[in-house]
Asks: 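Mind looking over this structure? Questions follow.
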Amino acid sequence: MSDAPSARGAEVGRRIGVGLMYGLWRPRVLGAWRVPPTGPVILAINHAHNIDGPMVMGVAPRPTHFLIKKEAFVGPLDPFLTGIGQLKVDRDSTDRTAITRALGVLENGGVLGIFPEGTRGEGDFAALRAGLAYFAVRSGAPVVPVAVLGSSDRPGRLIKALPPLRSRIDVVFGDPFQAGDGSGRRTRTALDEATERIRKQLTLHLENARRLTGR
């Protein structure tokens, strides 16, 4: 789709993320090989800290287009985020432009990054919005759960809004799964069932990731 964000821009964003994340912190990445090397993929990431998105962008094995709240697109950040292939979304309405562009990413065989909790919180996947289920069922793309652990353990000494510099942050990728039941139905019931299926899978992945990392 011509309206889809730039794949080349997302690769530039990934390279910037690699330099920043590995330069400022010590990411430990587990299970990145589970991300399918080609074709459409949805990364579903828990969201406990503002650094979680850039961290995944920097350590994921493929360039990722994130759905990011429109409030982040202010001043010089607007052209920068757009230039590196990120998607502006209005969380308070049905943002048809963002939906179309996100589906375009998947139709083009790209990677879409979503924080299914909708907003930063405990990062435990307890409350999911229906958006992830819609994209997964509509596109048929597999969902890969991603757990970011350690980003919100304690504030940094120099910059309180960031994790301590050079601290270890774990990023654990899980096994891809299909959110739909295989019927292709997109009814409200089917989406509700898909949302519940996703919640169970993501919660299970987070438990496994905590056990694996000792966090």
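Since we're looking at a predicted model, the values are computed, not measured.
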Asks: Between the side chains of Asp95 and Lys70, is the shortest nitrogen-to-carboxylate-oxygen separation below 4.0 Å, so that they form an ion pair?
Replies: no
Asks: To the nearest 0.5 Å, tell me how far Ile169 CD1 sits from Met21 CE.
Replies: 8.0 Å
Asks: Which heavy atom of Val29 sits nearest a heavy atom of Ala32, and at what distance?
Replies: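 Taking Val29 first and Ala32 second, the nearest heavy atoms are CG1-CB, 4.0 Å.
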Asks: List the steps and the verdict of side chain to side chain contact (heavy atoms under 4.5 Å, CB included) for Val111 and His65.
Replies: CA-CA 6 Å; Val111 181; His65 303 268; 5.7 Å; no
Asks: Is there side-chain contact between Leu206 and Leu149, with at least one heavy-atom pair below 4.5 Å?
Replies: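 Side chain of Leu206 against side chain of Leu149, heavy atoms only: contact under 4.5 Å found.
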Asks: Could you check whether any side-chain heavy atom of Leu191 comes within less than 4.5 Å of a side-chain heavy atom of Val137, counting everything from C-beta outward?
Replies: yes
Asks: How long is the span from the NE2 atom in His205 to the CZ atom in Arg34, to the nearest 0.5 Å?
Replies: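 Nearest 0.5 Å value for the NE2-CZ distance: 8.0 Å.
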Asks: Taking the side chain as every heavy atom from C-beta outward, state whether Arg28 and Val171 have any pair of such atoms under 4.5 Å apart.
Replies: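 Not in contact.
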Asks: Quick check on Arg166: does its CZ atom have over 12 non-hydrogen neighbours (other residues, nucleotides or ligands) under 6.0 Å away?
Replies: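 Buried by this count: over 12 neighbours within 6.0 Å.
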Asks: Is there a side-chain contact between Tyr22 and Pro27 (heavy atoms, below 4.5 Å)?
Replies: yes
Asks: Step by step, work out the side chain to side chain contact (heavy atoms under 4.5 Å, CB included) result for Arg199 and Thr195.
Replies: CA-CA 6 Å; Arg199 190 188 64 77; Thr195 298; 5.6 Å; no
Asks: Quick one: pull up CZ in Arg101 and CD in Gln86 and give me the separation to the nearest 0.5 Å.
Replies: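 Arg101 CZ to Gln86 CD: 10.5 Å, rounded to 0.5 Å.
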Asks: Strictly distance-based, threshold 3.5 Å: is any side-chain N or O of Trp33 a donor or acceptor partner for the main-chain N or O of Pro61?
Replies: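 A pair under 3.5 Å: no.
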Asks: Go through Thr213 and Leu30 one step at a time and tell me if the side chain to side chain contact (heavy atoms under 4.5 Å, CB included) criterion holds.
Replies: CA-CA 9 Å; Thr213 60; Leu30 303 172; 3.9 Å; yes
Asks: Is any side-chain heavy atom of Pro5 closer than 4.5 Å to a side-chain heavy atom of Val105?
Replies: yes
Asks: In this structure, would Val18 and Phe173 fall into the same cluster of hydrophobic residues linked by side-chain contacts under 4.5 Å?
Replies: yes
Asks: What's the shortest heavy-atom distance between Gly180 and Arg197, and which atoms?
Replies: C-NH1, 3.5 Å
Asks: State, yes or no, whether a side-chain contact exists between Met55 and Ser151 at a heavy-atom distance under 4.5 Å.
Replies: no
Asks: Measure the spacing between CG of Asp52 and NE2 of His47 and express it to the nearest 0.5 Å.
Replies: 6.5 Å
Asks: Which heavy atom in Pro163 sits nearest to a heavy atom in His49, and how many Å separate them?
Replies: CD-CE1, 3.7 Å
Asks: Only one of Ile114, Thr82, Leu112, Ile68 forms a side chain to side chain contact (heavy atoms under 4.5 Å, CB included) with Leu87, so which one is it?
Replies: Leu112
Asks: More than 12 foreign heavy atoms under 6.0 Å from CZ of Arg8: is that the case here?
Replies: no
Asks: Do Val12 and Val56 sit in one hydrophobic cluster, given that two such residues count as connected whenever their side-chain heavy atoms are within less than 4.5 Å of each other, even indirectly?
Replies: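 Val12 clusters together with Val56.
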Asks: Are Arg188 and Asp192 packed together at the side-chain level, in the sense that at least one heavy-atom pair is separated by less than 4.5 angstrom?
Replies: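 A side-chain contact exists here, since the closest heavy-atom pair is under 4.5 Å.
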Asks: Would one find more than 12 heavy atoms of other residues, nucleotides or ligands at under 6.0 Å from atom CZ of Arg215?
Replies: yes
Asks: Just how far is it from atom CZ of Phe115 to atom CG of Asn46, taken to the nearest 0.5 Å?
Replies: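 Answer for the CZ-CG pair, Phe115 versus Asn46, is 8.5 Å.
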Asks: How far apart are the closest heavy atoms of Pro40 and Leu106, and which atoms are they?
Replies: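 Between these two residues, the closest heavy atoms are CB-O, 3.3 Å.
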Asks: Spell out, yes or no, whether Val59 and Leu165 are grouped together once hydrophobic residues are joined by side-chain heavy atoms under 4.5 Å, including indirect joins.
Replies: yes
Asks: Go through Met57 and Ile84 one step at a time and tell me if the side chain to side chain contact (heavy atoms under 4.5 Å, CB included) criterion holds.
Replies: CA-CA 11 Å; Met57 190 184 297; Ile84 60 170; 4.3 Å; yes
Asks: So, taking the atom named CD in Gln201 and the one named CD in Gln178, what distance separates them when rounded to the nearest 0.5 Å?
Replies: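 It comes to 11.0 Å.
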Asks: Which pair of non-hydrogen atoms, one from Phe66 and one from Ile45, has the smallest distance, and what is that distance?
Replies: CE2-CD1, 3.3 Å
Asks: Any side-chain heavy atom of Phe135 sitting closer than 4.5 Å to one from Leu67?
Replies: yes
Asks: Under 3.5 Å, side chain of Thr203 to main-chain N/O of Lys200, donor-acceptor pair present?
Replies: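 No, Thr203 side chain to Lys200 backbone: no donor-acceptor pair under 3.5 Å.
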Asks: Show the nearest heavy-atom pair for residues Leu212 and Val172, with the distance to one decimal.
Replies: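 Minimum heavy-atom separation between Leu212 and Val172: CD2-CG1, 4.3 Å.
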Asks: Less than 4.0 angstrom from a charged side-chain N to a carboxylate O is my criterion; do Glu11 and Arg14 meet it?
Replies: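 Counted as a salt bridge, because a side-chain N and a carboxylate O are separated by less than 4.0 Å.
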Asks: Linking I/L/V/M/F/W/Y whenever their side-chain heavy atoms sit closer than 4.5 Å, directly or via other members, would Leu204 and Ile42 fall into one cluster?
Replies: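 The answer is no; the residues belong to distinct hydrophobic clusters.
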